[in-house]
Amino acid sequence: MTRMTPLLERNEQFARTYTPVPLGLPAAQVIVVTCLDHRVDPAIVLGLKLGDAPVIRNAGGRVTQAVIDDLAYLAFLAGQLFGGQLAEGGLFEVAVIHHTQCGTGFLADPAFRRQAAAATGLPEATLEASAVADPHATVQADVERLLASPLLPPQVTVSGHVYDVATGRITTTLDARHP
Ligand SMILES: [Zn+2]
C-alpha cells in the first residue's frame with residue numbers, strides 16, 4: 001500500500017475502457033505552457049482529451065530556456081513526422097497560461113526569497129524569475145520572451161492568458177501572434 005494505491009485503482013478503471021491514440025499532430029494544434037499547481041490542470045480546465053494538446057508545466061508556467069528548448073524540439077518533430085499534413089495556418093499556437101493565487105507569488109517578497117534561496121540552494125535570481133505575483137504582467141513578459149527567441153519556429157504563434165482560480169475562468173491577455 002502506497003499513496004499511489006488509490007490512484008493506480010483509478011488507472012485500472014481507466015484502462016478498462018481505454019482506446020489507444022496513435023502518434024499524430026495534437027488535435028487542437030495548441031501547446032499549453034502553464035503552472036504545475038494542482039488546481040490548474042489544463043485537461044480539466046480546458047477540457048483536453050488524450051491526443052489534443054501537449055502540455056509543458058513548471059513552477060509559475062514561466063517561459064524558461066528549458067521550455068523554449070522543448071517547444072523547439074516539438075516543432076521540429078512535428079515538421080519531420082507530419083510536415084505534409086500541416087495546416088496552412090502553421091504548426092501550433094503556444095498558449096501561455098499564468099494564474100491568480102500562484103504559490104510562486106511569495107517569491108516577489110525579498111525576505112521570503114532570501115529564505116527560499118538559503119533553504120533550497122537555488123540562486124535568488126532564479127527564484128525571482130519564477131515569481132508570478134501579477135499574472136497579467138508575467139504572462140505578457142513571457143509571451144514577449146518566447147516571441148523574441150530565435151529558437152521559436154516562424155510558423156508558431158503565441159498567445160497569453162490568465163486563469164482565475166476563484167472563478168475557474170480564463171481571460172485572454174494577448175491574442176495569438178507570429179514572432
Ligand atoms: Zn502557480
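Basis for what follows: all heavy atoms, side chains included, without hydrogens, waters or symmetry-related copies. All values reported here derive from a predicted model rather than from experimental measurement. Residue indices begin at 1 and follow the sequence shown. In each ligand, atom 1 is the first atom listed, and ligand 1 is the first ligand listed.
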N, O or S atoms of the protein lying under 2.8 Å from the Zn ion (ligand 1): C35 SG, H99 NE2, C102 SG
Whether R177 side chain and V158 backbone form a donor-acceptor pair below 3.5 Å: no
Backbone N/O of I97 and side chain of T34: donor-acceptor pair under 3.5 Å: yes
Those residues that, when tested against F76, pass ring pair (Phe, Tyr, Trp, His ring centres under 6.0 Å) (two or more places apart): none
Side chain proximity check, V156 to L146, heavy atoms < 4.5 angstrom: no
Pairs meeting criterion side-chain hydrogen bond (donor to acceptor under 3.5 Å, both in side chains) with involvement of residues 67-76, two or more places apart: Q65-D69
Pairing residues for D37 by the salt bridge (Lys or Arg N to Asp or Glu O under 4.0 Å) criterion, not counting sequence neighbours: R39
